[in-house]
Amino acid sequence: LAKQQGRNAYHWFTPEITHRLGDRVALRNELQEAIDVQAFELHYQPLIDRQGRVVGVEALLRWPNPIRGYVSPAQFIPLAEETGQIIPISEWVLSRACHDLRMLDEAGQGILNVAVNLSPLQFHRSSFLGNLRQTLAVTGLPAPKLSLELTEGVLMNDTESAIDTLHALRGMGVGVAIDDFGTGFSSLSYLKNLPIDTVKIDRSFVNEVTHSAEDAAIIQGIISMAHHLGLKVVAEGIEHEKQHDLLMTHGCDLFQGFYVARPMPLERLIEFLDATQPVSAGE
Ligand code: C2E
Ligand code: MG
Ligand code: MG
Ligand code: MG
(Lines give C-alpha, C1' and ligand atoms only; values in the text may rest on other atoms or scores of the structure.)
(Ligands and ions follow the chains in the order given, each with its own letter.)
Protein backbone atom coordinates (compact mmCIF):
# COMPACT_ATOMS: atom_id res chain seq x y z
CA LEU A 1 0.00 0.00 0.00
CA ALA A 2 2.72 2.46 0.98
CA LYS A 3 4.61 1.70 -2.26
CA GLN A 4 1.55 2.23 -4.42
CA GLN A 5 0.96 5.63 -2.87
CA GLY A 6 4.54 6.74 -3.49
CA ARG A 7 5.14 10.22 -2.13
CA ASN A 8 1.84 10.19 -0.34
CA ALA A 9 2.99 7.25 1.70
CA TYR A 10 2.49 9.18 4.93
CA HIS A 11 -1.21 8.43 4.53
CA TRP A 12 -0.27 4.96 5.55
CA PHE A 13 0.36 6.03 9.12
CA THR A 14 -3.23 6.42 10.17
CA PRO A 15 -3.79 6.10 13.92
CA GLU A 16 -5.18 2.57 13.57
CA ILE A 17 -2.19 1.36 11.65
CA THR A 18 0.27 2.96 14.04
CA HIS A 19 -1.64 1.17 16.73
CA ARG A 20 -1.41 -2.12 14.84
CA LEU A 21 2.32 -1.72 14.30
CA GLY A 22 2.70 -1.00 18.00
CA ASP A 23 0.72 -4.14 18.67
CA ARG A 24 3.11 -6.18 16.56
CA VAL A 25 6.11 -4.87 18.44
CA ALA A 26 4.36 -5.46 21.74
CA LEU A 27 3.33 -8.96 20.69
CA ARG A 28 6.86 -9.77 19.64
CA ASN A 29 8.26 -8.58 22.97
CA GLU A 30 5.66 -10.54 24.88
CA LEU A 31 6.47 -13.62 22.81
CA GLN A 32 10.14 -13.21 23.66
CA GLU A 33 9.31 -13.04 27.34
CA ALA A 34 7.16 -16.17 27.02
CA ILE A 35 10.08 -17.96 25.34
CA ASP A 36 12.51 -16.84 28.03
CA VAL A 37 10.36 -18.00 30.95
CA GLN A 38 8.92 -21.03 29.07
CA ALA A 39 5.37 -19.82 29.49
CA PHE A 40 3.90 -21.99 26.75
CA GLU A 41 1.72 -25.06 27.25
CA LEU A 42 0.92 -28.00 25.04
CA HIS A 43 -2.58 -29.35 24.83
CA TYR A 44 -3.46 -32.66 23.24
CA GLN A 45 -6.42 -33.55 21.06
CA PRO A 46 -7.27 -37.27 20.73
CA LEU A 47 -7.67 -39.08 17.39
CA ILE A 48 -9.84 -42.17 17.19
CA ASP A 49 -9.79 -45.04 14.70
CA ARG A 50 -12.75 -46.72 12.99
CA GLN A 51 -13.39 -48.79 16.12
CA GLY A 52 -13.54 -45.65 18.26
CA ARG A 53 -10.26 -46.36 20.03
CA VAL A 54 -7.95 -43.47 20.86
CA VAL A 55 -4.83 -44.21 18.85
CA GLY A 56 -3.06 -40.90 19.00
CA VAL A 57 -3.12 -37.23 19.87
CA GLU A 58 -2.16 -34.00 18.15
CA ALA A 59 -0.04 -31.59 20.17
CA LEU A 60 -1.38 -28.04 19.95
CA LEU A 61 0.51 -25.05 21.27
CA ARG A 62 -1.16 -22.79 23.82
CA TRP A 63 0.05 -19.43 25.07
CA PRO A 64 -1.57 -18.32 28.30
CA ASN A 65 -0.99 -14.58 28.29
CA PRO A 66 -1.71 -12.50 31.42
CA ILE A 67 -3.23 -9.66 29.38
CA ARG A 68 -4.57 -11.33 26.27
CA GLY A 69 -5.84 -14.59 27.74
CA TYR A 70 -5.12 -17.77 25.77
CA VAL A 71 -3.66 -16.54 22.51
CA SER A 72 -4.38 -18.84 19.56
CA PRO A 73 -1.33 -20.21 17.74
CA ALA A 74 -3.00 -19.01 14.52
CA GLN A 75 -2.40 -15.49 15.84
CA PHE A 76 1.20 -15.67 16.93
CA ILE A 77 2.81 -18.38 14.81
CA PRO A 78 2.84 -16.26 11.63
CA LEU A 79 4.60 -13.45 13.54
CA ALA A 80 6.99 -15.92 15.19
CA GLU A 81 7.80 -17.24 11.70
CA GLU A 82 8.70 -13.73 10.56
CA THR A 83 10.86 -12.93 13.57
CA GLY A 84 12.52 -16.35 13.77
CA GLN A 85 11.13 -16.81 17.28
CA ILE A 86 9.44 -19.92 15.93
CA ILE A 87 12.75 -21.77 16.20
CA PRO A 88 13.09 -21.82 20.00
CA ILE A 89 9.32 -22.28 20.30
CA SER A 90 9.39 -25.29 17.95
CA GLU A 91 12.27 -26.90 19.76
CA TRP A 92 10.37 -26.57 23.00
CA VAL A 93 7.20 -28.03 21.42
CA LEU A 94 8.98 -31.06 20.00
CA SER A 95 10.80 -31.99 23.17
CA ARG A 96 7.77 -31.29 25.38
CA ALA A 97 5.53 -33.45 23.19
CA CYS A 98 7.99 -36.37 23.12
CA HIS A 99 8.55 -36.06 26.85
CA ASP A 100 4.81 -35.88 27.67
CA LEU A 101 4.06 -38.96 25.57
CA ARG A 102 6.71 -40.91 27.45
CA MET A 103 5.04 -39.78 30.69
CA LEU A 104 1.74 -41.06 29.38
CA ASP A 105 3.33 -44.46 28.87
CA GLU A 106 4.67 -44.40 32.41
CA ALA A 107 1.18 -43.48 33.63
CA GLY A 108 0.10 -46.85 32.23
CA GLN A 109 -1.59 -45.62 29.08
CA GLY A 110 0.76 -47.24 26.59
CA ILE A 111 2.57 -45.19 24.02
CA LEU A 112 0.13 -43.33 21.81
CA ASN A 113 1.10 -41.78 18.54
CA VAL A 114 1.78 -38.05 18.81
CA ALA A 115 1.42 -35.61 15.92
CA VAL A 116 3.45 -32.40 16.06
CA ASN A 117 2.93 -29.45 13.71
CA LEU A 118 6.10 -28.30 12.01
CA SER A 119 6.87 -24.76 11.01
CA PRO A 120 8.30 -24.31 7.50
CA LEU A 121 11.30 -22.45 8.92
CA GLN A 122 12.03 -25.32 11.31
CA PHE A 123 11.67 -27.97 8.60
CA HIS A 124 14.07 -26.20 6.21
CA ARG A 125 16.83 -25.62 8.77
CA SER A 126 19.96 -27.66 8.34
CA SER A 127 19.98 -28.49 12.05
CA PHE A 128 16.43 -29.88 11.96
CA LEU A 129 17.17 -33.62 11.56
CA GLY A 130 20.03 -33.56 14.04
CA ASN A 131 17.89 -31.86 16.66
CA LEU A 132 15.07 -34.29 16.04
CA ARG A 133 17.31 -37.34 16.46
CA GLN A 134 18.66 -35.89 19.67
CA THR A 135 15.20 -35.13 21.03
CA LEU A 136 14.07 -38.70 20.33
CA ALA A 137 17.19 -40.10 21.95
CA VAL A 138 16.91 -37.90 25.05
CA THR A 139 13.18 -38.45 25.61
CA GLY A 140 13.18 -42.13 24.61
CA LEU A 141 10.09 -41.81 22.42
CA PRO A 142 10.22 -44.47 19.67
CA ALA A 143 10.45 -42.71 16.29
CA PRO A 144 7.43 -44.56 14.81
CA LYS A 145 5.27 -43.02 17.54
CA LEU A 146 6.01 -39.53 16.24
CA SER A 147 4.24 -38.04 13.26
CA LEU A 148 5.13 -34.64 11.86
CA GLU A 149 2.48 -32.45 10.24
CA LEU A 150 3.44 -30.27 7.31
CA THR A 151 1.27 -28.12 5.10
CA GLU A 152 1.31 -28.51 1.33
CA GLY A 153 3.09 -25.19 0.80
CA VAL A 154 6.17 -26.37 2.68
CA LEU A 155 6.75 -29.14 0.16
CA MET A 156 5.95 -27.10 -2.93
CA ASN A 157 8.76 -24.63 -2.26
CA ASP A 158 12.34 -25.76 -2.12
CA THR A 159 11.25 -29.18 -3.25
CA GLU A 160 14.52 -31.01 -3.66
CA SER A 161 15.91 -30.50 -0.19
CA ALA A 162 12.41 -30.95 1.23
CA ILE A 163 12.21 -34.38 -0.37
CA ASP A 164 15.65 -35.30 0.96
CA THR A 165 14.47 -34.39 4.44
CA LEU A 166 11.30 -36.47 4.01
CA HIS A 167 13.37 -39.48 2.95
CA ALA A 168 15.57 -39.05 6.00
CA LEU A 169 12.48 -38.94 8.22
CA ARG A 170 11.16 -42.12 6.61
CA GLY A 171 14.54 -43.73 7.19
CA MET A 172 14.26 -42.86 10.88
CA GLY A 173 10.73 -44.28 11.02
CA VAL A 174 9.10 -40.94 11.80
CA GLY A 175 5.67 -40.45 10.17
CA VAL A 176 4.77 -37.49 8.00
CA ALA A 177 1.27 -36.12 7.45
CA ILE A 178 0.12 -33.42 5.06
CA ASP A 179 -2.02 -31.08 7.15
CA ASP A 180 -4.99 -29.03 5.95
CA PHE A 181 -5.05 -31.09 2.77
CA GLY A 182 -7.15 -29.61 0.00
CA THR A 183 -6.53 -25.96 0.85
CA GLY A 184 -3.25 -25.63 -1.07
CA PHE A 185 -2.60 -26.16 -4.72
CA SER A 186 -0.98 -29.56 -4.65
CA SER A 187 -2.74 -32.61 -5.96
CA LEU A 188 -2.65 -36.19 -4.86
CA SER A 189 -0.82 -37.07 -8.07
CA TYR A 190 1.95 -34.76 -6.89
CA LEU A 191 1.98 -36.42 -3.48
CA LYS A 192 2.51 -39.84 -5.02
CA ASN A 193 6.19 -39.01 -5.38
CA LEU A 194 6.64 -38.00 -1.78
CA PRO A 195 7.56 -40.31 1.09
CA ILE A 196 4.62 -39.39 3.31
CA ASP A 197 2.08 -41.64 4.97
CA THR A 198 -0.97 -39.62 5.97
CA VAL A 199 -3.19 -36.87 4.64
CA LYS A 200 -5.37 -34.79 6.92
CA ILE A 201 -8.46 -33.48 5.18
CA ASP A 202 -8.91 -29.83 6.04
CA ARG A 203 -11.79 -29.05 8.31
CA SER A 204 -13.34 -26.66 5.80
CA PHE A 205 -14.42 -29.71 3.76
CA VAL A 206 -15.50 -31.62 6.86
CA ASN A 207 -17.63 -28.64 7.93
CA GLU A 208 -19.79 -28.90 4.87
CA VAL A 209 -19.71 -32.62 4.24
CA THR A 210 -23.28 -33.20 5.37
CA HIS A 211 -24.68 -30.18 3.50
CA SER A 212 -22.68 -29.85 0.33
CA ALA A 213 -22.69 -32.57 -2.29
CA GLU A 214 -19.54 -31.00 -3.74
CA ASP A 215 -17.59 -31.19 -0.48
CA ALA A 216 -18.81 -34.74 0.05
CA ALA A 217 -17.56 -35.62 -3.43
CA ILE A 218 -14.18 -33.97 -2.79
CA ILE A 219 -13.81 -35.92 0.44
CA GLN A 220 -14.76 -39.17 -1.24
CA GLY A 221 -12.24 -38.47 -3.97
CA ILE A 222 -9.44 -37.63 -1.52
CA ILE A 223 -10.06 -40.76 0.53
CA SER A 224 -10.25 -43.08 -2.43
CA MET A 225 -7.15 -41.70 -4.14
CA ALA A 226 -5.19 -41.57 -0.87
CA HIS A 227 -5.98 -45.22 -0.22
CA HIS A 228 -4.86 -46.18 -3.72
CA LEU A 229 -1.57 -44.42 -2.97
CA GLY A 230 -1.26 -46.35 0.29
CA LEU A 231 -1.87 -43.30 2.48
CA LYS A 232 -3.93 -43.11 5.65
CA VAL A 233 -6.62 -40.45 5.88
CA VAL A 234 -7.46 -38.34 8.92
CA ALA A 235 -10.47 -36.03 8.97
CA GLU A 236 -9.98 -32.99 11.21
CA GLY A 237 -12.56 -30.63 12.67
CA ILE A 238 -15.37 -33.16 13.10
CA GLU A 239 -17.99 -31.48 15.26
CA HIS A 240 -21.08 -33.60 14.70
CA GLU A 241 -22.00 -37.25 14.76
CA LYS A 242 -23.44 -37.01 11.24
CA GLN A 243 -20.10 -35.79 9.89
CA HIS A 244 -18.33 -38.65 11.63
CA ASP A 245 -20.79 -41.20 10.28
CA LEU A 246 -20.56 -39.95 6.73
CA LEU A 247 -16.76 -40.00 6.85
CA MET A 248 -16.95 -43.56 8.19
CA THR A 249 -19.11 -44.51 5.24
CA HIS A 250 -16.54 -43.03 2.87
CA GLY A 251 -13.79 -45.13 4.46
CA CYS A 252 -11.91 -42.48 6.46
CA ASP A 253 -9.32 -44.09 8.79
CA LEU A 254 -8.96 -41.64 11.67
CA PHE A 255 -11.20 -39.00 13.18
CA GLN A 256 -10.37 -35.81 15.07
CA GLY A 257 -12.50 -32.91 16.23
CA PHE A 258 -14.66 -31.50 19.01
CA TYR A 259 -17.10 -34.37 18.43
CA VAL A 260 -14.40 -36.74 19.67
CA ALA A 261 -12.76 -34.43 22.20
CA ARG A 262 -11.36 -30.91 22.51
CA PRO A 263 -7.65 -30.28 22.97
CA MET A 264 -6.79 -30.67 26.68
CA PRO A 265 -3.81 -30.48 29.03
CA LEU A 266 -1.86 -33.67 29.73
CA GLU A 267 -3.46 -34.23 33.16
CA ARG A 268 -6.93 -34.12 31.61
CA LEU A 269 -5.81 -36.37 28.78
CA ILE A 270 -4.77 -39.01 31.30
CA GLU A 271 -8.23 -38.81 32.94
CA PHE A 272 -9.87 -38.93 29.53
CA LEU A 273 -7.95 -42.05 28.58
CA ASP A 274 -8.71 -43.66 31.95
CA ALA A 275 -12.39 -43.03 31.41
CA THR A 276 -12.56 -44.13 27.79
CA GLN A 277 -10.21 -47.07 27.48
CA PRO A 278 -9.54 -50.15 29.53
CA VAL A 279 -6.03 -49.86 30.98
CA SER A 280 -5.00 -53.03 29.22
CA ALA A 281 -6.09 -51.78 25.80
CA GLY A 282 -3.60 -52.62 23.13
CA GLU A 283 -1.56 -54.94 25.34
P1 C2E B 1 -4.00 -27.48 12.68
O2 C2E B 1 -2.70 -28.19 12.79
O3 C2E B 1 -4.81 -27.73 11.47
O4 C2E B 1 -4.76 -27.86 14.01
C5 C2E B 1 -6.13 -28.07 14.10
C6 C2E B 1 -6.81 -26.84 14.67
O7 C2E B 1 -8.22 -27.07 14.63
C8 C2E B 1 -6.48 -26.54 16.12
O9 C2E B 1 -6.55 -25.15 16.29
C10 C2E B 1 -7.64 -27.24 16.86
O11 C2E B 1 -7.86 -26.72 18.15
C12 C2E B 1 -8.77 -26.92 15.94
N13 C2E B 1 -9.85 -27.89 16.02
C14 C2E B 1 -9.80 -29.19 16.34
N15 C2E B 1 -11.02 -29.77 16.28
C16 C2E B 1 -11.87 -28.80 15.89
C17 C2E B 1 -13.30 -28.77 15.63
O18 C2E B 1 -14.00 -29.77 15.74
N19 C2E B 1 -13.82 -27.58 15.24
C20 C2E B 1 -13.06 -26.46 15.10
N21 C2E B 1 -13.67 -25.33 14.74
N22 C2E B 1 -11.71 -26.44 15.33
C23 C2E B 1 -11.14 -27.59 15.72
P24 C2E B 1 -5.43 -24.36 17.10
O25 C2E B 1 -4.99 -25.16 18.27
O26 C2E B 1 -5.94 -22.96 17.33
O27 C2E B 1 -4.22 -24.33 16.08
C28 C2E B 1 -4.29 -23.60 14.88
C29 C2E B 1 -3.12 -23.90 14.00
O30 C2E B 1 -1.92 -23.42 14.57
C31 C2E B 1 -2.89 -25.39 13.78
O32 C2E B 1 -3.76 -25.87 12.79
C33 C2E B 1 -1.45 -25.40 13.36
O34 C2E B 1 -1.33 -25.08 11.99
C35 C2E B 1 -0.88 -24.27 14.17
N36 C2E B 1 -0.19 -24.84 15.35
C37 C2E B 1 -0.71 -25.29 16.51
N38 C2E B 1 0.25 -25.74 17.34
C39 C2E B 1 1.42 -25.58 16.68
C40 C2E B 1 2.79 -25.87 16.99
O41 C2E B 1 3.14 -26.41 18.05
N42 C2E B 1 3.75 -25.54 16.04
C43 C2E B 1 3.39 -24.97 14.85
N44 C2E B 1 4.38 -24.69 13.97
N45 C2E B 1 2.11 -24.70 14.52
C46 C2E B 1 1.13 -25.01 15.42
MG1 MG C 1 -2.07 -30.05 12.56
MG1 MG D 1 -4.90 -29.41 10.36
MG1 MG E 1 -6.66 -27.04 9.66
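Numbering of ligands and ligand atoms starts at 1, following listing order. Remember, it's a predicted structure, so these values are computed and weren't measured experimentally. Position 1 is the first residue of the sequence, and the numbers go up from there. All values below come from the heavy atoms of this structure, side chains included, with hydrogens, waters and symmetry mates left out.
Atoms of ligand 1 found under 4.0 Å from any heavy atom of Val93 (numbered from 1 in listed order, with element): 41 (O). Shown in contact with Glu236 at under 4.0 Å from a heavy atom are these atoms of ligand 1, numbered in order with element: 3 (O). Short contacts between ligand 1 and Ser119, defined as distances under 4.0 Å to a heavy atom of the residue, involve ligand atoms 44 (N). Set against the non-hydrogen atoms of Glu58, the atoms of ligand 1 under 4.0 Å away are 2 (O), 4 (O). Close approach of ligand 1 to Ser72 (heavy-atom distance below 4.0 Å) involves ligand atoms 26 (O). The Ile238 neighbourhood of ligand 1 comprises atoms 18 (O), with distances under 4.0 Å to a heavy atom of that residue.
Not a single N or O atom of Tyr259, backbone or side chain, sits closer than 3.5 Å to an N or O atom of ligand 1. Looking at Gly257 next to ligand 1, no N or O pair under 3.5 Å apart turns up.
Taking a 4.0 Å cut-off on heavy atoms, Ser90 fails to register as neighbouring ligand 1. For Gln256, the closest heavy-atom approach to ligand 1 does not fall below 4.0 Å. Assignment of Gln122 to the shell around ligand 1 is not supported, since no heavy atom sits closer than 4.0 Å.
More than 12 non-hydrogen atoms from other residues, nucleotides or ligands lie less than 6.0 angstrom from CD of Glu41. By the 6.0 Å contact criterion, NE2 on His99 is open, its count of non-hydrogen atoms from other residues, nucleotides or ligands being 12 or less. The environment of Arg28 atom CZ is sparse: at most 12 non-hydrogen atoms of other residues, nucleotides or ligands sit within 6.0 angstrom.
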Check against side chain to side chain contact (heavy atoms under 4.5 Å, CB included), Leu104 and Ile111: CA-CA 7 Å; Leu104 211 54; Ile111 303 189; over 6 Å; no
Chi angles and distances behind the side chain to side chain contact (heavy atoms under 4.5 Å, CB included) call for Leu61, Ile77: CA-CA 10 Å; Leu61 188 56; Ile77 284 187; 4.2 Å; yes
Steps toward side chain to side chain contact (heavy atoms under 4.5 Å, CB included) verdict (His250, Val233): CA-CA 11 Å; His250 293 325; Val233 181; over 6 Å; no
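At a threshold of 2.8 Å, the Mg ion (ligand 2) has no backbone or side-chain N, O or S atom of Glu236 nearer than that distance. Look at Asp180 and the Mg ion (ligand 2): no N/O/S atom of the residue is under 2.8 Å from the metal.
Counting heavy atoms closer than 4.0 Å to ligand 1, residue Arg262 contributes nothing at all. Under 4.0 Å from ligand 1, not a single heavy atom of Val116 appears. Counting heavy atoms under 4.0 Å from ligand 1, residue Gln45 touches it through the side chain alone.
Closest to atom 46 (C) of ligand 1 by heavy atom, among Ile86, Leu42, Leu61, Ile77, is Ile77. In the candidate list Pro263, Pro73, Ala235, Pro73 is nearest to atom 37 (C) of ligand 1, counting heavy atoms. With Gln75, Arg203, Glu239 as candidates, the residue nearest to atom 7 (O) of ligand 1 on a non-hydrogen basis is Arg203.
Between Phe76 and Trp63, the ring planes lie perpendicular to each other; the angle is over 60°, past the 30° to 60° tilted range.
At distances below 3.5 Å, at least one donor-acceptor pair connects side-chain atoms of Arg50 with backbone N or O atoms of Met248. Gln75 places no side-chain N or O within 3.5 Å of a backbone atom of Ser72 that could act as its donor or acceptor partner. With hydrogens and angles disregarded, no donor-acceptor distance shorter than 3.5 Å links the side chain of Asn65 to the backbone of Tyr70. In terms of modelled atom types and a separation under 3.5 Å, the side chain of Glu239 and the main chain of Gly257 share no donor-acceptor contact.
A salt bridge links Asp105 with Arg102: the closest approach of a Lys/Arg side-chain nitrogen to an acidic carboxylate oxygen falls below 4.0 angstrom.
Across all their heavy atoms, Ile222 and Val199 have their closest contact at CG2-CG2, 4.4 Å.
Residue-level check: among N/O/S atoms of Glu58, OE2 sits closest to the Mg ion (ligand 2). Atom OD2 is the N/O/S atom of Asp179 found closest to the Mg ion (ligand 2). Shortest distance from the Mg ion (ligand 2) to Glu149 is reached at OE1 (N/O/S atoms only).
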